[in-house]
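What follows is a set of notes on a single structure, which appears directly below.
Owing to the predicted nature of the structure, the values given are computational and were not obtained by experimental measurement.
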Amino acid sequence: MNSEIIVFIVYLVFMLGIGIFFFIRSKGGGEKSYFLGGREMGPWVSALSAGASDMSAWVLMGLPASIYAAGIGQAWIAIGLGIGYTLSWLVEAPRLRRFTIVAGDSITIPQYLTNRFLSKNKALQIICAVIFLVAYTIYAASSIKACGTLFNTVIGMDATVAMYLAAVIIISYTFLGGFSAVCWTDFFQGMLMLGALLVAPIFAMALIQSGQGAASATTLPENYWNLFTNWKDILSGLGWGLGYFGMPHIIVRFMSLRSDKDLKKSAKIGIIWTVLILVFSVASGCIGHLLLGDIADSSTVFIQMVRKMFPALISGVLLSAILAAAMSTADSQLLASASAFASDVYKPIIRKDKASDKEMLWAGRFVVLVIAVIAVLIASNPNSGTIMGLVENAWGVFGAAFGPTIMLSLFWKRLTFEGAVAGIVVGSGVDILWLAFLSSVGIYEIVPGFIIGGIAAIVVSKCTKAPSAEVEQLFDTAVSSRD
C-alpha cells in the first residue's frame with residue numbers, strides 16, 4: 001500500500017508540474033492561448049488529448065463493470081463509440097476546423113455557431129453556455145467520484161476526502177496552464193491508460209490459462225457471451241456513438257490543430273488509440289469475471305484484477321491510469337465550461353465586450369473553481385448514482401443538443417440561425433424529458449433526442465428566411481479553404 005501511495009503522489013505532483021510549466025510559459029498570452037492553445041497543437045498531443053478527454057474513468061470502471069455484470073451484450077456501447085469516434089475524425093473534424101477559422105476565428109462551439117450565421121444575437125451563446133455549465137458539472141462529478149472510489153478501495157482513504165484532493169489537483173493545473181496544460185496532461189494520461197488496459201487483461205488471461213481463475217465459461221450467467229441480446233440494447237449501444245458529433249470538450253481538439261495535414265495524422269493516431277482502449281476495456285470486464293469470480297462491487301473489477309496480479313509498485317502505476325482517466329476528462333470539461341462562460345456570456349453580455357484579456361482569464365478561472373466545487377458536492381452525495389450513470393446522462397444531453405446542429409452547420413448551407421437554436425433546444429429538451437418519463441422504454445435518450453433535434457433544426461430552417469448572401473459566402477469559403 002505504501003508503494004501505491006508513493007506512486008499516486010509522484011503522479012499527481014507531475015500533473016501539477018505541467019500546469020505550473022505552462023502557466024510560466026504562457027504569461028502574456030491571451031484568451032485564445034488559454035482556451036485554445038493558440039491553435040498550435042501537434043497531431044500526437046491533439047489525438048491522445050481528444051481520446052483521453054473522452055475516455056474518462058468509466059472506461060476503466062464503468063464499462064468493465066457493465067460487461068462484468070451483464071455480459072458481452074453490453075459491448076454494443078463500445079462498438080457504437082468506436083464507430084462514432086471514427087466518423088467524427090473523418091467527417092466532422094476537417095470541416096469544423098476550417099469553419100471555425102473562417103467564422104471569425106471562433107474559439108468555442110457557441111461562438112462558432114453564432115459566427116457561422118454572422119449574427120449579433122446572443123441567444124444561442126447563452127443557451128449553449130447554460131447547457132455546458134449544467135451538463136459538465138454532472139460529467140465532472142462522475143470523474144471525481146471515480147477518484148474517491150479508487151483511493152477508498154486501494155488505500156482506505158475516506159472517499160469524500162479523496163474527491164476533494166483530486167479536485168484540488170485538477171483545478172490547480174487547469175487554473176494555471178489552461179488548454180495547453182490540459183492537452184499535455186491528457187497526452188501523458190492517454191499513454192498511461194492505454195498501457196494499463198493492454199497489460200492487465202493480457203496478464204490476467206495468462207493466469208486463467210494456467211488454471212488460476214475463480215470462474216469458468218460454464219459457471220458464468222446464461223447468455224453471458226451472447227452479443228445479440230435484444231434490439232434495444234443494440235440500438236442504445238450504437239446510439240452512444242452519436243454523442244461524439246456534439247461533445248464540446250472533444251471536438252474543440254479538432255479546432256486547435258495547426259493544419260489539415262496534422263489533422264489527418266491525428267485522425268489515424270486517435271482512431272487506433274480509441275479502438276484499442278475500447279476493445280481492452282471490454283476484455284477487462286470479461287476476463288476480470290473469469291479471474292475474480294463474484295465480487296461485491298463490480299465497478300472495482302479492474303482495480304481488484306490489477307492488485308491481485310502485480311506487486312504494489314507496478315499496481316500503483318497501473319492504477320494511476322484510473323486517476324489519469326478521471327482527471328483527463330474532468331480538466332477538459334472544466335476548461336470547456338470556463339471558455340463557454342467567459343467567451344460567450346461574461347465578455348459579450350455582462351461586460352459588453354469591454355473585458356480585457358486578463359479579466360477574461362480570471363473569469364474563466366473563477367468558473368473552473370465554482371463548477372469543480374459543485375461537482376464534488378454531487379459526487380460525494382450517496383444518491384448521485386453510479387459513475388456510468390452520471391456519464392450516460394451528461395453524454396446524452398450533449399449529443400442530442402449539439403450533434404445534429406453542428407453537423408448540419410457544416411454540411412447544409414440552408415441551415416438558419418433560428419434552425420440552429422431550435423435544434424439545440426429541442427434536442428436537449430427531448431433528451432431530458434425522455435430520461436425523466438420514458439427511460440423505462442429501454443432506449444437510450446440520446447437516440448430520440450438526436451433524431452428529433454435534427455428534424456426540428458431542418459423544419460425551422462425551412463420555415464424561416466433563407467441565409468443571406470454573406471452567410472452563404474462564408475459557407476462556400478469554409479468548404480473550399482485549405483491550409
With heavy-atom distances below 4.5 Å as the criterion, would you say the side chains of [X] and [Y] are in contact?
{"X": "V301", "Y": "S284", "answer": "no"}
{"X": "V441", "Y": "W434", "answer": "yes"}
{"X": "E392", "Y": "I446", "answer": "no"}
{"X": "I458", "Y": "W412", "answer": "yes"}
{"X": "W240", "Y": "V391", "answer": "yes"}
{"X": "Y164", "Y": "I144", "answer": "no"}

I'd like to know if the side chain of [X] and the backbone of [Y] have a donor-acceptor N/O pair within less than 3.5 Å.
{"X": "S236", "Y": "D233", "value": "no"}
{"X": "S439", "Y": "A436", "value": "no"}
{"X": "S88", "Y": "Y85", "value": "yes"}
{"X": "S119", "Y": "N115", "value": "no"}
{"X": "N152", "Y": "M157", "value": "yes"}
{"X": "Y224", "Y": "I67", "value": "yes"}

Checking ring-ring contact (aromatic ring centres under 6.0 Å, His included) for the pair Y244/W89: CA distance, chi angles, key distance, verdict? CA-CA 9 Å; Y244 280 113; W89 269 108; over 10 Å; no
Candidate pair F450 and D431, rule side chain to side chain contact (heavy atoms under 4.5 Å, CB included), full reasoning: CA-CA 8 Å; F450 191 98; D431 180 273; over 6 Å; no
Under 3.5 Å, is there a donor-acceptor pair between the Q304 and T300 side chains? yes
Quick one: do the Y112 and S409 side chains pair a donor with an acceptor below 3.5 Å? yes
Out of curiosity, [X] [atom1] to [Y] [atom2], how far, rounded to the nearest 0.5 Å?
{"X": "L90", "Y": "L263", "atom1": "CG", "atom2": "CG", "result": "9.5 Å"}
{"X": "F245", "Y": "L410", "atom1": "CZ", "atom2": "CG", "result": "11.0 Å"}
{"X": "L292", "Y": "S298", "atom1": "CG", "atom2": "OG", "result": "11.5 Å"}
{"X": "M305", "Y": "I295", "atom1": "CE", "atom2": "CD1", "result": "9.5 Å"}
{"X": "L133", "Y": "I371", "atom1": "CG", "atom2": "CD1", "result": "5.0 Å"}

List the residues meeting ring pair (Phe, Tyr, Trp, His ring centres under 6.0 Å) with F132, not counting sequence neighbours, and say none if there are none. Y136, F398, F402
Assess the residue pair V397 and I432 against the criterion (side chain to side chain contact (heavy atoms under 4.5 Å, CB included)); give the C-alpha distance rounded to whole Å, side-chain angles, the decisive distance to 0.1 Å, and a yes or no. CA-CA 7 Å; V397 170; I432 293 169; 4.2 Å; yes
Determine whether the aromatic ring centres of Y444 and W76 lie less than 6.0 Å apart. no
